[in-house]
Amino acid sequence: MPVSVNLKENMEKMQKLFERDKTMITRKVTPPGWPQGEICLFFCDGMVNSTSVNDSIIRPLTYMAPPPEGADVLQYLERSVVQSNEARQSSDWDDLVYSMVYGDTILFCEGCGAALVLNTKGFAMRGIAEPDGETVLKGPREGFTEGILRNLSMLRRKIRVSELKFEYMTLGSVSKTVCALCYIDGVADKDVLCEVRRRISQVSIDGILDSNYIAEMIRDHKKSPFKTIGTTERPDVVAARLLEGRVALIVDGTPVAITMPCVLIESFQSSEDYYVGFQFAAISRILRMAGFFLAVSVAPVYISLMTFHAEMLPTSLLLSIAAARQGVPFPSVLEALLLLTAFDLLREAGTRTPSAIGQTLSIVGGLVVGSAAVEARFASAPMVIIVAFSGITGLMIPKLKAAVIFVRLGLLALSAAAGLYGYMAGMAVLVMHLASMESFGVGMLSSSPLSGMGSCEDSTIRMPFSRMRKSGRFLSGGGRS
Amino acid sequence: MKDAHNGKLSGAQIFCLLALFLSGGVGTMGGGGASRDAWLLMLAAGAAAAAVYPVYVRLAVPEGGADGFERAFGPAAGRAVRKALGAAAVLTAAVDLRVFADFTAATALPHSPRIVIAAIMAGVLIAVLRAGTEALGRAAGPAFAVVFGMLALSFAAAWTQLDWGAVLPIGETGAFSLLQSFVRGSIVPFLEGFFALWVLAPMHNRQRPARPAVAAALFAGVFLGSVLMKNIMLLGYPAGGRYFFPSYTAASVTVISEFLQRQELLVAVPFLMCELFKASLCLMFAVRALGVRRRRLWEPVLCAAAAGISLLGRGGVAEAIAPLRFYGQWLFLPLFVVPAAAAVTAALRAKTGCNHKK
Amino acid sequence: MKRMLAASAALCMLLCGCGDYREIDRRDIVSTVAADRTPEGYKLLLEIADMSSGAENSPGARWLSLEGASLTEAVEGGVAGTGRQAYLGHMQLVVVGDETARQGLDDLLGYLQRTPDVHMTLALAVAEGRAETLLAGQQESEAAAFDLSRAAIGAAQEGQAPSMPLYRFIADRQEEGIEGILPRISQENGEIRIEGAALFRGDKLAGKLDPDLTQMLLMARGMYDSGVVTVGEGEKAVAYIVRRCRARQEVEQSGGSIRACCTISLELELSQGGHGESLDEDRKKYYESMAQAEIERRFAALRALLQSEYGVDCLGIGRHIHRFHPSLWEQVGEDWDRQFMLCDISAQVDVKLVGSGRSLR
């Protein structure tokens, strides 16, 4: 329904739309000599910058000279009176309502079949801080916030070329969330870009509150615990991925940006790898990969060796473990399951509780409960060590947290059934699953030693920058210099 | 997602895949009555296979939309031959699974029901077939490094315990006996490479798959020959030939230190991985050869069929190994004679066709 | 499909109650077995590691006596009495009584070969008298578990007894032209002594050697890595530490008879004797010739025993012929037991004195 030329009708409609909503403010201004009588402003309290409203809109309106005879009143107001940095006309009520709830001020005028949308956004936002889950010892400490414009500005500061494109789109039939598709024209893979656009266009949901809503709907292999879409809260990481030819999607209301495509090796990379020496980066990366392998393997292999292949353990070690297990009533696999569950419960509880209590909880859970369990013969000391080690190594790679839990459980089940042969069968299935996975047409194992595609300059280890010529070329349409 | 069977494989990936396929029998080779000269026969088998594989490749790569059998015998007869070979491939996969199930039963899991082991293997095979040939190719590189790295490590660890004179005297049993062993045992794993090449050759990204195939045959011949030689030098002869899984036993007697003993895992892991690659490629061949349309339906069926066949027949390892002695003989016909006949016939037909055109 | 997989995984977990899943604390970890044949079958005495006794770093031992018509019956039947399964995966030593050894070891070897748990590198030994009696002495002295197997390993390392793991003995047992040897265990005044060798013809005990001749045999077979050679007795005894020992065999046929020569190269270090004298060239040659003469004397004694008294080719001359002279083996192989006794076997001993430790005199 278009805007009416009758100001009173427009006011009634607006008030009816925001009936019982006290945050919707109506401000009438009667400029001296204004031929059309009143001008009415609508804005949402708390979403606007009051100073901007007062100084850029109300003050100029009250001081303005009347428009020339026969002039377009609305255009006169837009171009010669109001002093906001952004102003446009709109006659679509949906657009007007959407803009107003997002912090714009709507100006209605008698006799005009459209309204002015004036940029007065000034809602409160969180300050820029380093993301908790992606801290670094060296390097930038910026992190995305909930405001899309601020996030895009951080990205723009990192890549200062006109080829950096932001394609805006609105997703969510009710939430009308603003999203921006970011890519570097000429560097981003065109096929990936087209595919991303196609999938996003098929997203149909009422509300988008986080980028994960979109990610889950557009990702490949929706049921796999391994992610096929990358996430990050750091603008430097997004910039680096854009430079490699990836595409990023920034969603208003969340600091988490998503990047596509995502390959497995990204889960083991950290932004800090690029801010410290390549030798230390290599060690760190190898440790993370080893950590993942140990996290999924230590408990199943221990169960296999203890219950099926005890002859493979050195005699002295076997005797120690056998002595420690004396009197424990549970089978080893059940013991492992219970301890792993307890570890995950403690971890989850530690995440949810306030930090003041969290530390105490860790001490209680780790020392007291663990020690008490061993002394009470509910669990054996070697199993507590194995589970603790497995749990800690699993926390080394936060991006693969879910995958570690599922894979470890599966391998534990197979080990309980067939010992090391079951474990090996499980690992074979895991490797084949990863080898068959793709992310927007790019293999998950690309740019890793497991693939002929891409290169290994930035996979298991990071080469010095002077020698890293081909990194990401499999994604980048053009070569990198 | 693009069709995983229409992707491309590099020469290195084909080499790795084929080498792993050929090593699928590493666990049992040298056992079941094999002679002292088994290692020498393996070297000869590798060299012989290197000569035969270009023929296999020629047959496998389609020309004008027809494969080698269709070009040789005509569309209908060619398809029939291919389907028969598809059935043979399922049988080979079943033998593979049977050997592995008996291996696990004999070495570590004597009380576990064989059906459980077969079911686990079948599940893995289904996952592999679903993943596709290209995914298998991606996994081949690291699998190759793990398998042959572990076998090399096993060899190095046993170095000080080797009795180098144990392989002597050479040729003691006579030429006829050697030829019999060659046909029945040594060349069989290499002839089975036909199934793998049929799947892999058309997927080579440079259209020159013969090179990696020949290289893999020679590599496998040398490597497996050295494994057999190591087994004899470690376990002695005829004692070494009387173990069902001599490589496994050889690894179990390797002592690196008091702390590091019983390193059978160094052989069991490569064995499992090679068997997996072998069975997967055989079943992939069967899927293509039998001309199934609905892969997602038929792949689990063929895997289940192979697992089911592997469970047929009672008894333990002795009963499993005994038929294998004849398995080699009757596999020789379809995997050597038929492709050779097809290659010759196709060549003659092509020549006749050229002459007509002139 | 996914639900089926999840259900299968859950089922796998439940299967941990059957099949080969065994908790280690439900098993008896056997360290040593003494085996003796009885008119009814076999009698075994198992030394089991007992975690609840013993010192912190070495568990105590518990003893279990089993009987059965066969080895398998004896071992598997143990669970009926104790409720715990005997676990042979870490068994390190099997001691066989000499009478049982005389009757043949093929039964025992076959059982050990077939059992998947058994470590093929475990040591075999022949006891003087009944093995059970010898091991019972360990029980009375409250020895820790694995003590005896450690002693056997130590004796082998010092060259006092052969190091003959199970797989090696089986290989020698089955190969043509060589007979197996095993270490001997005896008990004197309550003390266990592992020294000397038991000689076999096939799988049957055929003779024994004292420690000196055992050392000689190991040198001749190239199985001797280190040890001590003592020449003379009392104050005039001269002791040498063997740093390196290499052996080589050469065989030739001349005029219908077989001549075999064992070349033994030794690098020795003077350990005891010759004090107060400087080790110049002459003194070196003196000690070298002394050692050489002693080795040659021992070899002659060994040869006489092997050829004349026992008639067992433990030197491996036949194996050497089989490997390097197959055509000759075709002539003599069928009848090698007799042919061996007619061989002209000699030794060429090369001794090199490499030093006298850290003292010049």
**Asked** What is the minimum heavy-atom distance between C:His90 and A:Pro314, and which atoms define it?
**Response**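 Heavy atoms of C:His90 and A:Pro314 come nearest at CE1-C, 4.0 Å.
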
**Smallest separation among heavy atoms of C:Gly89 and A:Glu311, with atom names** =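 In this case the closest contact between C:Gly89 and A:Glu311 is O-CB, 3.9 Å.
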
Considering residues, nucleotides and ligands other than [X], do more than 12 of their heavy atoms fall under 6.0 Å from its [atom1]?
{"X": "A:Arg198", "atom1": "CZ", "answer": "yes"}
{"X": "C:Glu191", "atom1": "CD", "answer": "no"}
{"X": "A:Arg199", "atom1": "CZ", "answer": "yes"}
{"X": "A:Phe378", "atom1": "CZ", "answer": "no"}

**Asked** For the candidates A:Leu318, A:Leu334, A:Ile321, A:Val328, which exhibits the highest count of non-hydrogen atom pairs separated by less than 4.5 Å from chain C?
**Response** A:Leu318

**Asked** Are C:Arg22 and A:Thr307 close enough that some pair of their side-chain heavy atoms sits under 4.5 Å apart?
**Response**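 Not touching, per the 4.5 Å side-chain cut-off.
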
**Prompt:** Where the side chain of C:Tyr21 meets the backbone of A:Gly419, is there a donor-acceptor pair that is under 3.5 Å apart?
**Reply:** no

Between side-chain atoms of residues 91-98 of chain C and protein atoms elsewhere (two or more places apart, or another chain), which donor-acceptor pairs fall under 3.5 Å?
from: C:Gln92; atom 1: OE1; to: C:Ser149; atom 2: OG; distance (Å): 3.2
from: C:Gln92; atom 1: NE2; to: A:Thr315; atom 2: OG1; distance (Å): 3.4
from: C:Asp98; atom 1: OD2; to: C:Gly129; atom 2: N; distance (Å): 3.0

**Distance (rounded to the nearest 0.5 Å) between C:Asp20 CG and A:His309 NE2** = 9.0 Å

**Prompt:** Any side-chain donor-acceptor pair under 3.5 Å between A:Ser332 and C:Glu23?
**Reply:**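 Indeed, the side chains of A:Ser332 and C:Glu23 share at least one donor-acceptor pair under 3.5 Å.
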
Please tabulate, for side-chain N and O atoms in residues 154-165 of chain C, each donor-acceptor pair with protein atoms closer than 3.5 Å (sequence neighbours left out).
none

**Engaged part of C:Ile24 at the chain A interface, taking heavy atoms whose separation is under 4.5 Å** =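 Contact with chain A involves both backbone and side-chain atoms of C:Ile24.
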
